[in-house]
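These notes are about the structure you will find just below.
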Amino acid sequence: MGAGPSTESEREPLLVPSHAETITNSAPVNSRVYGRRWLVLTLFSLLALMQGMVWNFWGPIQNSAVHAFGFSKSDIAVLVLWGPVGFVPWLLFMWLMDKRGLRASLLLSAFLMLLGAALRSVPLTEQPLRRW
């Protein structure tokens with residue numbers, strides 16, 4: 001899955017042009033749906049679900065985090081904001097998809113998400129380090 005280049009038949013469009021377009025163009029294009037596409041869609045969906053779970057857990061535990069960590073409400077709001085800010089390097093991932101393919105960019109995204117969640121679970125005693 002994604003380890004090698006795709007074949008010509010996998011690059012065929014999924015949607016067939018309408019009847020009016022086929023009259024002006026050449027023969028209609030036959031399309032196929034591959035099982036690998038469903039696997040990739042499932043992996044993307046699970047990765048997005050996990051990303052949402054990682055960043056949306058601050059809301060329910062906001063009052064507990066204020067007491068346990070000494071955070072203010074604005075500190076927790078900034079922690080929630082880091083989720084959307086993490087999408088800033090999208091140009092890097094576009095380049096990576098062009099050069100290395102879908103598999104490499106998906107694995108790097110999942111690894112960075114795992115690394116961020118693991119760093120979040122490291123217990124720290126100093127307040128400024130906890131915020132970072």
Side-chain angles (χ1 to χ4, degrees):
M1 181 185 89
S6 59
T7 63
E8 244 347 277
S9 62
E10 289 178 326
R11 289 188 217 126
E12 291 178 8
L14 290 176
L15 300 175
V16 178
S18 67
H19 181 64
E21 292 175 358
T22 57
I23 293 173
T24 59
N25 293 340
S26 60
V29 177
N30 295 327
S31 60
R32 294 178 54 190
V33 177
Y34 292 88
R36 280 191 283 180
R37 292 181 180 181
W38 291 109
L39 178 63
V40 170
L41 178 65
T42 303
L43 289 175
F44 273 128
S45 300
L46 288 174
L47 188 63
L49 175 72
M50 290 176 59
Q51 178 69 16
M53 287 171 42
V54 164
W55 288 108
N56 288 330
F57 83 94
W58 285 108
I61 66 164
Q62 183 175 7
N63 294 331
S64 302
V66 167
H67 295 295
F69 299 120
F71 290 167
S72 66
K73 302 270 185 187
S74 62
D75 290 337
I76 293 174
V78 169
L79 287 172
V80 172
L81 179 68
W82 279 113
V85 170
F87 287 102
V88 169
W90 61 273
L91 286 171
L92 169 71
F93 285 96
M94 282 180 42
W95 174 82
L96 186 65
M97 276 192 65
D98 284 342
K99 297 299 177 188
R100 298 289 181 203
L102 179 65
R103 184 174 188 262
S105 60
L106 182 67
L107 287 174
L108 180 64
S109 298
F111 173 74
L112 290 175
M113 189 173 67
L114 175 71
L115 181 67
L119 285 175
R120 189 185 288 179
S121 2
V122 174
L124 297 172
T125 57
E126 299 175 16
Q127 184 70 9
L129 287 178
R130 274 193 226 160
R131 288 188 180 120
W132 280 100

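Since the structure is predicted, the reported quantities are computational estimates derived from the model, not experimental observations.
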query: If you look at every heavy atom in Ile76 and Gln62, which pair is closest and at what distance?
result: CD1-O, 3.5 Å

- prompt: Distance from Ile61 atom CD1 to His67 atom NE2, nearest 0.5 Å?
  reply: 12.5 Å

task: Would you check if Leu114 and Met50 make a side-chain contact, meaning some heavy-atom pair closer than 4.5 Å?
output: no

- prompt: So, do Leu102 and Phe44 sit near enough that their side-chain heavy atoms are less than 4.5 Å apart?
  reply: yes

Heavy-atom side-chain contact between Leu47 and Ser109 under 4.5 Å: yes

message: I want to check something: taking the side chain as every heavy atom from C-beta on, are Leu41 and Arg37 in contact at a cut-off of under 4.5 Å?
response: no

Gap between atom CZ of Arg103 and atom CG of Leu43 - 0.5 Å precision: 10.5 Å

- request: Using a cut-off of 6.0 Å, state whether more than 12 heavy atoms not belonging to Lys99 lie near its atom NZ.
  value: no

message: Could you see if Trp95 belongs to whatever hydrophobic cluster contains Phe111? Use Ile, Leu, Val, Met, Phe, Trp, Tyr and a side-chain cutoff under 4.5 Å.
response: yes

task: Measure the spacing between CG of Leu96 and CG of Leu91 and express it to the nearest 0.5 Å.
output: 12.5 Å

message: I'd like to check Leu112 versus Phe93 (side-chain heavy atoms, cut-off strictly below 4.5 Å). Are they in contact?
response: yes

statement: CG (Leu92) and CG (Leu108) are apart, to the nearest 0.5 Å, by 7.0 Å

